[in-house]
Participant: 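Dropping a structure here in structure tokens format, bear with me for questions.
Keep in mind that this is a model prediction, so the values were computed, not measured. These values consider heavy atoms only, across backbone and side chains, with no hydrogens, waters or symmetry-generated copies. By convention in this document, chain letters (A, B, ...) are assigned in the order of the sequence lines, proteins followed by strands, and residues within each chain are numbered from 1.
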There are 2 protein chains.
Amino acid sequence: MLSKKTKYGLKALAYIARQECDTPVPIGAIAESENISHKFLESILLTLRKSGFLGSKKGKGGGVYLIKEPKDIRMVDVIRVLEGPIALVPCVSLNFYEKCDDCPDEKTCTISRLMIQVRDSTLTVLRKNTLADLM
Amino acid sequence: MLSKKTKYGLKALAYIARQECDTPVPIGAIAESENISHKFLESILLTLRKSGFLGSKKGKGGGVYLIKEPKDIRMVDVIRVLEGPIALVPCVSLNFYEKCDDCPDEKTCTISRLMIQVRDSTLTVLRKNTLADLM
DNA sequence: TTAAATCCTAGTAATCCTATAGGGTTATTA
DNA sequence: TAATAACCCTATAGGATTACTAGGATTTAA
């Protein structure tokens, strides 16, 4: 299951992308429209800004805005930043690999082949979809 | 990420399936071979028995055994019992549907189309794979 | 100068996860 | 009858994660 953090982040990005004007979108406006706690959303968008998805402008008339075109923002990259690994077990994760402590040998692990199949099918979907597809 | 419970359950099922003989497999033997706490595994296998995947035999020479052929045990069914929903958000889950409290209208929810795609691609893999594929 | 905004660090309550421990019950085999 | 092994319940406990909350610092436009 996705965390609320990721879910809210995706919804916020979609909201920002839908605003046609070039002026920054205040976080408060997003929070209100999407039913998200303002402070919580603030921290989520901070992460997205630090990861290079968003820019921001302080002060009156400020807010956040997309740095790239919606069609160039892949879902897989957003989800990796907010949620972490795509894979269901750490030992088959491409970006967050970790050894399983109960597994003596990954090559003979009974479940790894299945887990790789699930990972790859999910990756295919998340790589194909961009923010433009959410609008 | 899969919980340890699910992971251990899958590994245990694979272990049982690999035993060729018709005699029941003691839980202790599985626990030892797969590096799983005996008591924890006991509770996991109890769940699998109550869900109709396993039979058991008490007393000396007892243990657990598969009720169906490995090729007839689909991964999707095991995972639903041990882990719960396959979907990443409750509002697109087929078997564990729940309304999202932040979403006023599911039909216009920006992320549901993406979530359905991920769900379906995962389902395809998990329906195709059976316990026989883990052996 | 004031109001509106983001920036940033901490903290926190609640829940879930992953067991661990114990102990009694029941069934089966040798 | 003794040993074995699953069954079944309760309780607990540390750690991690989640979903926020608080409060102040900083920046900017009008």
Participant: If I take atom CG from residue B:Leu88 and atom CD from residue A:Glu83, how far apart are they, to the nearest 0.5 angstrom?
Facilitator: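 If I round to the nearest 0.5 Å, the distance is 8.0 Å.
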
Participant: Rounded at 0.5 Å granularity, tell me how far CD in B:Glu32 sits from CD1 in B:Ile27.
Facilitator: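 Here the rounded value is 14.0 Å.
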
Participant: Looking only at non-hydrogen atoms, find the nearest pair between B:Tyr97 and B:Ser93 and report the distance.
Facilitator: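 What the structure gives for the nearest pair is CB-O, 3.5 Å.
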
Participant: Distance check needed: C:dC8 P versus A:Ile27 CD1, whole Å only.
Facilitator: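 So the CD1-P distance, A:Ile27 to C:dC8, works out to 12 Å.
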
Participant: What is the distance, rounded to the nearest whole Å, between atom OH of B:Tyr8 and atom C1' of C:dC17?
Facilitator: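 Atom-to-atom, B:Tyr8 to C:dC17, this comes out as 11 Å.
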
Participant: Considering only heavy atoms and no angle criterion, is a donor-acceptor pair shorter than 3.5 Å present between the side chain of A:Lys39 and the base of C:dG11?
Facilitator: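 For A:Lys39, whose side chain was compared with the base of C:dG11, there is no donor-acceptor pair (under 3.5 Å).
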
Participant: What is the distance from atom CZ of A:Phe53 to atom CD1 of A:Ile67, rounded to the nearest 0.5 Å?
Facilitator: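 A:Phe53 CZ to A:Ile67 CD1: 10.0 Å, rounded to 0.5 Å.
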
Participant: Separation of B:Lys7 atom NZ from C:dC17 atom P, in whole Å?
Facilitator: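 Answer to the nearest Å: 16 Å.
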
Participant: Identify, between A:Lys5 and B:Val25, the residue whose nearest nucleotide on DNA chain D lies closer to the 5' end.
Facilitator: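 Result: B:Val25.
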
Participant: Check the distance between C:dA5's C1' and A:Lys57's NZ and give it to me in whole angstrom.
Facilitator: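 The distance from NZ of A:Lys57 to C1' of C:dA5 comes to 11 Å, rounded to the nearest Å.
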
Participant: Whole-Å distance between C:dT18 P and B:Leu82 CG?
Facilitator: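 These atoms are roughly 12 Å apart.
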
Participant: Is it true that B:Glu106 and B:Ser112 share a donor-acceptor pair across their side chains at a distance under 3.5 Å?
Facilitator: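 Side-chain D/A pair, B:Ser112 to B:Glu106: absent.
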
Participant: OG of A:Ser56 to NZ of A:Lys50: how many Å apart, nearest 0.5 Å?
Facilitator: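 The distance works out to 11.0 Å.
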
Participant: Going through the distances and angles, do B:Ser3 and B:Thr6 end up as a side chain to side chain donor-acceptor pair (under 3.5 Å)?
Facilitator: CA-CA 5 Å; B:Ser3 64; B:Thr6 304; 3.2 Å; yes

Participant: Just the rounded figure in Å: distance from C1' of C:dT9 to CD of A:Glu42.
Facilitator: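 Value for this atom pair: 12 Å.
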
Participant: Please find the earliest and latest nucleotides of DNA chain D, in the 5' to 3' direction, that have an atom within less than 4.0 Å of any heavy atom of chain B.
Facilitator: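 Listing 5' to 3', DNA chain D meets chain B from D:dT4 to D:dC8.
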
Participant: Between A:His38 and A:Lys60, who's closer to the 5' end of DNA chain D by nearest nucleotide?
Facilitator: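 By nearest-heavy-atom nucleotide position, the 5'-most residue is A:His38.
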
Participant: Please compare A:Gly59 and B:Lys4 by the position of their nearest nucleotide in DNA chain C and report the one closer to 5'.
Facilitator: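 On the 5' side of the pair lies A:Gly59.
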
Participant: Could you check whether A:Leu45 gets within reach of a base, just the sugar-phosphate, or nothing at all, counting any heavy atom under 4.0 Å?
Facilitator: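 Nothing: the residue A:Leu45, judged by heavy atoms under 4.0 Å, touches no strand.
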
